[in-house]
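A short worksheet on the structure shown next.
Remember, it's a predicted structure, so these values are computed and weren't measured experimentally.
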There are 2 protein chains.
Amino acid sequence: MKNRLKVLRAEHDWTQADLAEKLEVSRQTINAIEKGKYDPSLPLAFKIARLFAVNIESIFSDEA
Amino acid sequence: MKNRLKVLRAEHDWTQADLAEKLEVSRQTINAIEKGKYDPSLPLAFKIARLFAVNIESIFSDEA
DNA sequence: ACCTAAAGTAAAACACACTTTACATTAAGA
DNA sequence: TCTTAATGTAAAGTGTGTTTTACTTTAGGT
C-alpha cells in the first residue's frame, strides 16, 4: 500500500512529531507508515482521514 | 468500529465461507469481523471495499 | 564549522490480525 | 424429527502494528 502522508503533512507544514501528537500515536509510527514499513490499522487510517478531512482512498492506495 | 459486512453479504446472498473465499481469508476471519471481535487490516478493508465496489467509509464507520 | 530540529533506524515488548483445527449451536428443508 | 449447511466459538500459533527507549543521520540557520 502506498500513501500520501508525507505530502499531506507537508501541505499542513507539520512535522512527524506534530502529526503523531494530533493522531495520538508515537512519532515512530508515523515514520514507519511514511516509509512504507507497515500499514496503519483501520482505526488509525480512519483517524488520519478524518484529521485531513478526506476519505481513506485518497490517502492510501492499494498499489505496490 | 462498526461495519455493514453482514448486510452487504446478505444483499449478494453469500455465506461467510463464500465471502472468505472471494477475499482469500479464512471463514473465521469474516465471522470475527462481522461479530466485531476485531477490525480488518487496512489492506483487507481495501479488498472488501473493492469486492463490493464501494468505498471503505460506506462499509466501516468509526463509531462504537 | 556548530548547533539544533527533524527525520531515520533499531531492539524489545505487547496487543491485535489472521490461520488452522476442531467442536458446538442455529436454522431451515425434507 | 432428522440432516445438513451455516454460523458461532475456542485454543494455539504466526505475523503485523504500535510503543518506549535510545541512538544516528540529515538539513538549515547562524
Notebook entry, point to check: Under the 3.5 angstrom rule, does the side chain of A/Asp18 hit a backbone N or O of A/Thr15 as a donor-acceptor pair?
Noted result: yes
**Message:** Donor-acceptor check, side chain of B/Asn3 to backbone of B/Ile33, threshold 3.5 angstrom: yes or no?
**Reply:** yes
Nucleotide [N], atom [atom2] - distance to [atom1] of [X] in whole Å:
{"X": "A/Asp18", "N": "C/dA7", "atom1": "CG", "atom2": "C1'", "answer": "13 Å"}
{"X": "A/Leu44", "N": "C/dA17", "atom1": "CG", "atom2": "P", "answer": "12 Å"}
{"X": "B/Asp13", "N": "C/dA28", "atom1": "CG", "atom2": "P", "answer": "13 Å"}
{"X": "A/Gln16", "N": "D/dT18", "atom1": "CD", "atom2": "P", "answer": "15 Å"}
{"X": "B/Leu42", "N": "D/dT18", "atom1": "CG", "atom2": "P", "answer": "10 Å"}
{"X": "A/Leu5", "N": "D/dG17", "atom1": "CG", "atom2": "P", "answer": "14 Å"}
{"X": "A/Glu34", "N": "D/dG17", "atom1": "CD", "atom2": "P", "answer": "16 Å"}
{"X": "B/Ile30", "N": "C/dA17", "atom1": "CD1", "atom2": "P", "answer": "14 Å"}

Would you indicate whether the side-chain heavy atoms of [Y] and [X] approach each other to under 4.5 Å?
{"X": "A/Phe52", "Y": "A/Glu11", "answer": "no"}
{"X": "A/Leu42", "Y": "B/Phe60", "answer": "yes"}
{"X": "A/Trp14", "Y": "A/Ile30", "answer": "no"}

* To do: Respond yes when some side-chain nitrogen or oxygen of B/Lys35 is under 4.0 Å from OP1 or OP2 of D/dG8, and no when none is.
  =>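 For D/dG8, OP1 or OP2 has a side-chain N or O of B/Lys35 closer than 4.0 Å.
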Has A/Thr29 got a side-chain N or O lying under 4.0 Å from the OP1 or OP2 atom of D/dT19?
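Answer yes for this pair, as a side-chain N or O of A/Thr29 is under 4.0 Å from OP1 or OP2.
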**Item:** Donor-acceptor pair present, A/Arg27 side chain and C/dA7 base, under 3.5 Å
**Value:**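 Flag set: donor-acceptor pair detected.
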If you go through the side-chain atoms of B/Gln28, does one of them form a donor-acceptor pair with the base of D/dT7 closer than 3.5 Å? no
Closest approach to the side chain of [X], judged atom by atom: which nucleotide of [options] is it?
{"X": "A/Ser26", "options": "D/dT19, C/dA7, D/dG8", "value": "D/dT19"}
{"X": "A/Tyr38", "options": "D/dT18, C/dG8, C/dC18", "value": "D/dT18"}
{"X": "B/Asn31", "options": "D/dT9, D/dT19, C/dA17", "value": "D/dT9"}

**Asked** Which part of the nucleic acid does A/Ser41 contact within heavy-atom distance under 4.0 Å: base, sugar-phosphate only, or nothing?
**Response** sugar-phosphate
Can you work out whether A/Pro40 or B/Arg9 has the more 5'-proximal nearest nucleotide on DNA chain D?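 Between the two, 5'-proximity favours B/Arg9.
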Taking for A/Lys37 and for B/Trp14 the nucleotide of DNA chain D with the nearest heavy atom, the one nearer the 5' end belongs to B/Trp14
